[in-house]
Amino acid sequence: MPKNVKFTDVNKKRFSDEAHTGDFLAAEQYKKVFLGSLALYYKDLWKKICVPYDYIHRAYRATSVVMPDDHPAIEYFRLILVHDGKEFANIIFGEKDERLVDDIVKRIHEIHPETEAGYVAPPETEKKR
């Protein structure tokens with residue numbers, strides 16, 4: 001087995017161990033997202049982020065549109081991961097990856113059924129007079 005891979009956890013601490021290295025190397029790859037049995041891993045610049053499934057309370061696909069001045073609008077897709085009602089990961093995919101992101105959300109829920117799938121609007125706050 002190759003040397004242990006270096007990961008960054010959700011608290012921004014670096015670590016490396018055989019269990020996560022093996023899990024990462026055996027994970028299902030969806031472009032920059034890797035779904036192992038222990039955790040979800042994704043590449044963020046030069047780091048490999050390790051997110052245990054029980055940390056992810058919700059996962060969903062978001063859509064963004066960029067409207068350049070002299071070109072047609074460009075739509076791209078994002079995988080959003082939520083913990084305690086707050087988004088902690090925004091993983092950007094290309095304009096042709098809508099189905100790919102949907103597949104990742106579905107697969108996360110299959111691996112860890114406690115993770116909710118799909119967007120939920122935040123509760124509305126009362127308007128102050």
Side-chain angles (χ1 to χ4, degrees):
M1 177 177 258
K3 291 197 299 188
N4 286 340
V5 177
K6 290 184 172 45
F7 299 103
T8 301
D9 68 15
V10 293
N11 296 314
K12 298 183 175 37
K13 293 184 181 169
R14 304 271 291 161
F15 77 95
S16 183
D17 64 33
E18 286 184 28
H20 284 91
T21 295
D23 189 49
F24 173 76
L25 295 174
E28 303 168 40
Q29 184 176 357
Y30 298 82
K31 290 197 174 183
K32 61 181 103 179
V33 171
F34 300 77
L35 302 178
S37 59
L38 300 176
L40 176 149
Y41 308 90
Y42 68 94
K43 293 181 181 179
D44 184 22
L45 296 176
W46 296 278
K47 299 180 198 170
K48 289 181 184 68
I49 310 297
C50 172
V51 183
Y53 290 112
D54 59 0
Y55 190 81
I56 307 168
H57 295 158
R58 176 174 301 282
Y60 65 92
R61 173 186 44 86
T63 305
S64 294
V65 178
V66 176
M67 298 185 70
D69 290 337
D70 56 349
H71 296 293
I74 300 168
E75 186 175 62
Y76 64 94
F77 302 95
R78 303 177 291 134
L79 172 63
I80 306 295
L81 303 178
V82 178
H83 173 78
D84 280 345
K86 295 182 182 168
E87 296 176 4
F88 71 91
N90 175 12
I91 306 164
I92 298 172
F93 290 83
E95 60 184 311
K96 297 180 181 178
D97 292 331
E98 179 177 17
R99 184 173 178 139
L100 176 72
V101 177
D102 286 342
D103 289 346
I104 295 169
V105 170
K106 179 182 173 189
R107 190 69 185 115
I108 290 169
H109 182 69
E110 290 171 356
I111 294 168
H112 192 260
E114 295 82 5
T115 301
E116 297 179 36
Y119 175 76
V120 172
E124 290 190 32
T125 57
E126 291 185 38
K127 293 181 182 176
K128 294 183 180 180
R129 295 178 186 209

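Basis for what follows: all heavy atoms, side chains included, without hydrogens, waters or symmetry-related copies.
- Note: Phe93 and Tyr76 fail the aromatic proximity criterion, with ring centroids not under 6.0 Å apart.
- When all heavy atoms of Val65 and Ala73 are compared, the closest pair comes out as CG1-CB, 3.8 Å.
- Put simply, the side chain of Asp84 reaches to within 4.5 Å of the side chain of His57, judged on heavy atoms.
- Side-chain contact between Arg61 and Glu98 is present, with at least one heavy-atom pair separated by less than 4.5 Å.
- The hydrophobic cluster containing Leu100 also contains Ile91, counting ILVMFWY residues as joined when their side-chain heavy atoms lie under 4.5 angstrom apart, directly or transitively.
- For the atom pair OG1 (Thr8) and NZ (Lys48), the distance works out to 9.5 Å, reported to the nearest 0.5 Å.
- Looking at every heavy atom in both residues, Tyr53 comes nearest to Ala39 through OH-O, 3.3 Å.
- The two atoms that bring Val105 and Ala117 nearest to each other are CG1-CB, 3.7 Å, heavy atoms only.
- Between the side chain of Lys32 and the main chain of Ile92, a donor-acceptor pair closer than 3.5 Å is present.
- When side chains are defined from C-beta on, Phe77 does not count as touching Ser64, because their heavy atoms never get closer than 4.5 Å.
- Rounding to the nearest 0.5 angstrom, the gap separating the OG1 atom in Thr63 from the OH atom in Tyr119 is 12.0 Å.
- Clustering ILVMFWY residues whenever any of their side-chain heavy atoms sit less than 4.5 angstrom apart, transitively, puts Ile80 in a cluster other than the one holding Phe88.
- The line from CE of Met67 to CD1 of Ile74 is 10.5 Å long, rounded to the nearest 0.5 Å.
- Glu28 places a side-chain heavy atom less than 4.5 Å from the side chain of Arg107.
- Residues Val33 and Leu35 form a side-chain contact, since some pair of their non-hydrogen atoms from C-beta on lies under 4.5 Å apart.
- Side-chain contact, His20 with Asp17: a donor N or O sits under 3.5 Å from an acceptor N or O.
- Judged purely by atom type and a 3.5 angstrom limit, Asp44 has no side-chain atom pairing as donor or acceptor with the backbone of Lys47.
- By the rule that hydrophobic residues join a cluster once side-chain heavy atoms approach within less than 4.5 Å of another member, Phe15 and Val5 end up as members of one cluster.
- Using modelled atom types, one side-chain atom of Asp9 and one backbone atom of Asn11 make a donor-acceptor pair closer than 3.5 Å.
- Cluster annotation: Ile104 and Val51 are assigned to the same hydrophobic cluster (Ile/Leu/Val/Met/Phe/Trp/Tyr, side-chain heavy-atom contacts under 4.5 Å, transitive).
- Inter-residue side-chain proximity for Asp54 and His112 is flagged as met; some heavy-atom pair is nearer than 4.5 Å.
- Using modelled atom types, one finds no donor on one side chain facing an acceptor on the other under 3.5 Å when comparing Thr115 with Arg58.
- Remark: of the listed residues Phe24, Tyr41, Tyr42, Phe24 is the sole one forming a ring pair (Phe, Tyr, Trp, His ring centres under 6.0 Å) with Phe34.
- Nearest approach of Cys50 to Pro52, heavy atoms of both residues: O-CD, 3.8 Å.
- Side chains of Arg14 and Ser16: no donor on one and acceptor on the other come within 3.5 Å.
- Counting heavy atoms from C-beta outward, Lys31 and Asp97 have side chains that approach closer than 4.5 Å.
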Please assess Arg78 against Val101 for the test side chain to side chain contact (heavy atoms under 4.5 Å, CB included), listing each intermediate value before the final yes or no. CA-CA 7 Å; Arg78 303 177 291 134; Val101 177; over 6 Å; no
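- At least one side-chain heavy atom of Leu40 sits less than 4.5 Å from a side-chain heavy atom of Leu81.
- Under the 4.5 Å side-chain contact rule for hydrophobic residues, Ile111 and Tyr55 share a cluster.
- Exactly one of Val82, Leu79, Ile108 qualifies for a side-chain contact (heavy atoms from CB on, under 4.5 Å) with Tyr60. That residue is Val82.
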